[in-house]
**Q** 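Pasting in a structure now, in structure tokens, and then I'll have a few things to ask.
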Amino acid sequence: MAVVQDQLEIKFRLTDGSDIGPKTFPAATSVSTLKESVLAQWPKDKEHGPRTVKDLKLISAGKILENNRTVGECRSPLCDIPGGVTTMHVVVQPSSLDKEKRSSRQSKQNKCVCVIL
């Protein structure tokens, strides 16, 4: 991760391979603040975008980042390259209401009745 006066340059890689950023954040920035930034900058033309911060997961160096941690706490010494840009992967997980709607639709569609004579 690039460190310049405790600043990190981060870009967010979406599942389709496009990026948001890079943008510079202080090391004291919380992961939930990063998610808010991603949500605010999410491309309007993308399907299945997040509705809330709770729909987003950020992954850096193979680890899912916790909302209450800071960027500085999540930084990996293996990925700390002076002058470099850190790439964080963004995963959109629909809210539990969306999951419930889908599962109830599937359970209604997949009912099978067997009659033994």
**Q** Please name the pair of heavy atoms, one in Trp42 and one in Val90, separated by the smallest distance, quoted to 0.1 Å.
**A** CZ3-CG1, 4.0 Å
**Q** State the CZ-OG distance between Phe12 and Ser18, to the nearest 0.5 angstrom.
**A** 13.0 Å
**Q** Should Cys74 and Val31 be marked as a side-chain contact (heavy atoms from CB on, under 4.5 Å) after you check the CA-CA gap, both sets of side-chain angles, and the distance that decides it?
**A** CA-CA 9 Å; Cys74 298; Val31 171; 4.0 Å; yes
**Q** Please lay out, stage by stage, how Asn68 and Ser32 fare under the test side-chain contact (heavy atoms from CB on, under 4.5 Å).
**A** CA-CA 7 Å; Asn68 59 345; Ser32 61; over 6 Å; no
**Q** Side-chain heavy atoms under 4.5 angstrom apart, residues restricted to Ile, Leu, Val, Met, Phe, Trp, Tyr: same cluster for Leu58 and Val91?
**A** no
**Q** Check whether any side-chain heavy atom of Ser37 sits under 4.5 Å from a side-chain heavy atom of Leu34, and report yes or no.
**A** no
**Q** My understanding is that only residues two or more places apart in sequence, or in another chain, count here; which of them pass side-chain contact (heavy atoms from CB on, under 4.5 Å) with Leu39?
**A** Pro50, Val53, Leu56
**Q** As a quick check of understanding, evaluate side-chain contact (heavy atoms from CB on, under 4.5 Å) for Ile59 and Leu65, giving each step before the final call.
**A** CA-CA 6 Å; Ile59 301 171; Leu65 305 183; over 6 Å; no
**Q** What residue pairs, at least two apart or across chains, pass salt bridge (charged side-chain N to carboxylate O under 4.0 Å, His left out) with a residue in residues 60-69?
**A** Arg69-Glu73
**Q** Do the side chains of Val92 and Thr15 get nearer than 4.5 Å, heavy atoms only?
**A** no
**Q** My understanding is that only residues two or more places apart in sequence, or in another chain, count here; which of them pass side-chain hydrogen bond (donor to acceptor under 3.5 Å, both in side chains) with Thr70?
**A** none
**Q** Any heavy-atom pair between the side chains of Ile10 and Val71 that's under 4.5 Å?
**A** yes
**Q** Would you please name every residue forming a side-chain contact (heavy atoms from CB on, under 4.5 Å) with Ala27, sequence neighbours left out?
**A** Asp6, Leu8, Arg75
**Q** So which pairs with a foot in residues 12-38 pass salt bridge (charged side-chain N to carboxylate O under 4.0 Å, His left out), sequence neighbours left out?
**A** Lys11-Asp19, Arg13-Asp19, Asp16-Lys46
**Q** Taking only residues two or more places apart in sequence, or in another chain, which ones meet Thr87 in a side-chain hydrogen bond (donor to acceptor under 3.5 Å, both in side chains)?
**A** none
**Q** Listed by chain and number, what are the side-chain hydrogen bond (donor to acceptor under 3.5 Å, both in side chains) partners of Thr24, not counting sequence neighbours?
**A** none
